[in-house]
There are 2 protein chains.
Amino acid sequence: MNNFDLNKYFFEHNLKPTPQRLTIAEYLLNTTSHPTAEEIYQAVANKLPMPISLATVYNSLEVLVKVGIIKEVFTEPNKVRYDKNITNHHHFVNTQTGEIIDVEPYELLSEQLVENYLLKNPKQKFKITNYHITFYGELVE
Amino acid sequence: MNNFDLNKYFFEHNLKPTPQRLTIAEYLLNTTSHPTAEEIYQAVANKLPMPISLATVYNSLEVLVKVGIIKEVFTEPNKVRYDKNITNHHHFVNTQTGEIIDVEPYELLSEQLVENYLLKNPKQKFKITNYHITFYGELVE
DNA sequence: ATATGATTTAGAATTATTCTAAATATAGAA
DNA sequence: TTCTATATTTAGAATAATTCTAAATCATAT
Ligand SMILES: [Mn+2]
Ligand SMILES: [Mn+2]
Ligand SMILES: [Zn+2]
Ligand SMILES: [Zn+2]
């Protein structure tokens with residue numbers, strides 16, 4: 001999504017395209033990393049001509065999640081990360097660096113995963129609406 | 001693991017079997033839920049003859065994790081839960097109640113999952129050491 | 001220009017967790 | 001047993017992430 005699309009998207013979702021929101025959205029759309037609110041705050045503070053508050057970063061992230069431009073990711077305790085990749089996908093955590101990398105889903109496995117759940121938990125009558133896999137591992141030398 | 005095993009386990013791991021630790025461990029071993037530190041604190045405070053502090057709950061949980069009697073689980077933002085099930089397994093989150101249910105792993109899928117990761121990320125040279133699936137869903141009427 | 005409502009802001013409040021330093025308990029030695 | 005060394009517990013302070021509050025500012029429509 002480029003800057004033009006962003007303005008359009010904001011308009012279509014009744015979001016005022018304020019410099020703060022636009023800069024936060026732009027920052028996220030231009031990184032493959034999964035930054036925290038604090039990291040976004042630091043990066044965006046350096047780009048904006050005016051100052052920005054951390055509250056605005058949290059407020060903006062909330063509305064960007066709400067309109068579906070970004071998603072939240074929980075891979076670690078006590079830390080929320082934000083993700084421009086809004087497709088269904090999974091994450092690989094490099095346990096040496098903390099880096100989080102997107103993993104594309106393998107849809108052929110989905111059915112088997114869900115079937116396995118039903119097999120292993122025959123008493124429970126639940127419907128699985130989605131699932132998320134966190135892979136952990138290390139760089140191979 | 002019964003009370004006898006617990007004393008033995010503590011002894012073997014050089015953990016003094018204090019009433020606080022024993023009661024916390026017992027509480028966890030006798031529930032299939034995945035309680036938070038606060039929930040454990042409330043439950044254990046009611047069982048112990050002497051008062052207990054929240055700091056002791058956190059300290060005890062830390063050593064119980066360290067010696068491998070329990071595991072930490074991260075399924076929600078900003079909340080750590082504790083799990084007596086120390087085997088490799090996954091979790092189903094009932095999005096209506098927040099209840100967390102164990103899901104046994106399907107080892108036949110592991111290989112395919114890891115293969116898929118390598119296929120979809122051919123440039124990255126990482127070794128996957130483990131992975132965790134969080135299923136989300138609802139009760140079916 | 002003015003009003004209205006949305007947005008931003010600083011700072012206070014909240015929640016989960018960790019730290020600190022003193023008090024107490026445990027286990028082993030004497 | 002008592003003593004002693006060390007481990008554990010504790011209350012409360014500190015920290016980190018996030019949310020809340022209420023005032024200031026901004027944008028848009030009259
Ligand atoms: Mn927390
Ligand atoms: Mn947090
Ligand atoms: Zn992602
Ligand atoms: Zn579990």
Side-chain angles (χ1 to χ4, degrees), chain A residues 6-7 10-25 27 34-45 47-67 69-83 98 100, chain B residues 6-25 27 34-45 47-67 69-83 98 100:
Chain A
L6 208 46
N7 271 285
F10 273 37
F11 178 78
E12 288 168 357
H13 290 82
N14 299 311
L15 283 194
K16 297 201 177 150
T18 67
Q20 290 89 344
R21 285 175 179 171
L22 282 170
T23 309
I24 289 169
Y27 173 71
H34 297 74
T36 62
E38 184 63 36
E39 286 163 358
I40 294 164
Y41 172 62
Q42 299 296 338
V44 161
K47 287 195 200 179
L48 278 169
M50 69 278 277
I52 186 175
S53 80
L54 190 50
T56 297
V57 173
Y58 278 104
N59 290 341
S60 300
L61 290 170
E62 190 182 33
V63 323
L64 296 178
V65 168
K66 200 166 288 169
V67 303
I69 290 185
I70 59 173
K71 287 205 299 193
E72 295 176 319
V73 186
F74 322 122
T75 47
E76 292 155 287
N78 302 317
K79 201 157 277 188
V80 176
R81 293 178 174 277
Y82 295 88
D83 193 342
I100 294 168
Chain B
L6 207 47
N7 271 285
K8 196 175 126 200
Y9 198 95
F10 274 36
F11 179 78
E12 288 168 356
H13 291 81
N14 299 310
L15 284 193
K16 293 191 180 160
T18 67
Q20 291 88 343
R21 284 175 179 170
L22 282 170
T23 309
I24 290 170
Y27 174 70
H34 297 74
T36 62
E38 184 64 36
E39 287 163 357
I40 295 163
Y41 172 61
Q42 299 296 339
V44 161
K47 288 198 202 178
L48 277 169
M50 69 279 277
I52 184 175
S53 80
L54 191 51
T56 296
V57 172
Y58 278 105
N59 290 341
S60 300
L61 290 170
E62 189 182 36
V63 325
L64 296 178
V65 168
K66 201 166 287 168
V67 303
I69 290 185
I70 59 174
K71 287 205 301 193
E72 294 175 320
V73 186
F74 322 122
T75 48
E76 292 155 286
N78 302 317
K79 202 155 278 189
V80 176
R81 292 178 173 277
Y82 295 88
D83 192 344
I100 295 169

Take B/Ile40 and B/Ile24 through the side chain to side chain contact (heavy atoms under 4.5 Å, CB included) test and state the conclusion after the steps. CA-CA 7 Å; B/Ile40 295 163; B/Ile24 290 170; 4.1 Å; yes

Quick one: do A/Asn14 and A/Val67 satisfy side chain to side chain contact (heavy atoms under 4.5 Å, CB included)? Show the steps, please. CA-CA 9 Å; A/Asn14 299 311; A/Val67 303; over 6 Å; no

Is there a side chain to side chain contact (heavy atoms under 4.5 Å, CB included) between A/Lys71 and A/Val65? Walk through the geometry before answering. CA-CA 6 Å; A/Lys71 287 205 299 193; A/Val65 168; over 6 Å; no

Protein N or O to nucleotides 27-30 of chain C N or O, pairs below 3.5 Å:
none

Nucleotides 1-3 of chain C: which of its N/O atoms have a protein N/O under 3.5 Å away?
none

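Within the 4.0 angstrom heavy-atom criterion, no nucleotide atom of any strand lies near A/Glu38.
Proximity of A/Thr18 to the phosphate of C/dA6: no side-chain N or O atom is located under 4.0 Å from OP1 or OP2. At the phosphate of D/dA7, neither OP1 nor OP2 sits under 4.0 Å from any side-chain N or O atom of B/Arg21. For the OP1/OP2 pair of C/dT9 and a distance below 4.0 Å, the side-chain nitrogens and oxygens of A/Gln20 include at least one atom meeting the criterion.
Regarding A/Tyr41, its OH atom lies at a distance of 14 Å from the P atom of C/dT8, rounded to whole Å. To the nearest angstrom, P of C/dA16 lies 10 Å from CZ of B/Arg81. Per the geometry, CG belonging to A/Leu64 stands 13 Å off C1' belonging to C/dT7, to the nearest Å. If you measure from atom CG of B/Asn7 to atom P of C/dT26, you get 13 Å, rounded to the nearest angstrom. When the P atom of D/dT8 is taken as reference, atom NZ of B/Lys66 falls 10 Å away, rounded to whole Å. For B/Asn14 and C/dT26, the CG to C1' distance is 14 Å, given to the nearest whole Å. B/Phe10 places its CZ atom 16 Å from the C1' atom of C/dA25, with the value rounded to the nearest Å. The CD atom of A/Glu39 sits 15 Å away from the P atom of D/dA16 (whole-angstrom rounding).
For the atom pair CD of A/Glu39 and OG1 of A/Thr36, the computed distance is 3.5 Å after rounding to the nearest 0.5 Å. Atom CD of A/Glu72 is separated from atom OH of A/Tyr82 by 5.0 Å, given to the nearest 0.5 angstrom.
In this structure, the nucleotide among C/dT7, C/dT26, C/dA16 sitting nearest to the side chain of B/Lys79 is C/dA16.
In terms of heavy-atom proximity, A/Pro35 sits nearest to A/Tyr27 at CG-CE2, 4.0 Å. Smallest separation of non-hydrogen atoms from B/Phe74 and A/Thr75: CD1-O, 4.4 Å. Looking at every heavy atom in both residues, A/Leu54 comes nearest to A/Ala37 through CD1-O, 4.3 Å. Between A/Met50 and A/Gln20 the shortest heavy-atom distance is CG-NE2, 4.4 Å. Minimum heavy-atom separation, B/Ile52 to B/Tyr41: O-CE1, 3.3 Å. Scanning all heavy atoms of the two residues, the minimum distance from A/Asn7 to A/Leu22 falls at OD1-CD1, 4.2 Å.
Between the B/Arg81 side chain and the B/Val73 main chain, no donor and acceptor come within less than 3.5 Å of each other.
Residues from residues 48-62 of chain A placing a heavy atom under 4.0 Å of any atom in DNA chain C, listed by number, are A/Pro51, A/Ile52, A/Ser53, A/Ala55, A/Thr56, A/Asn59.
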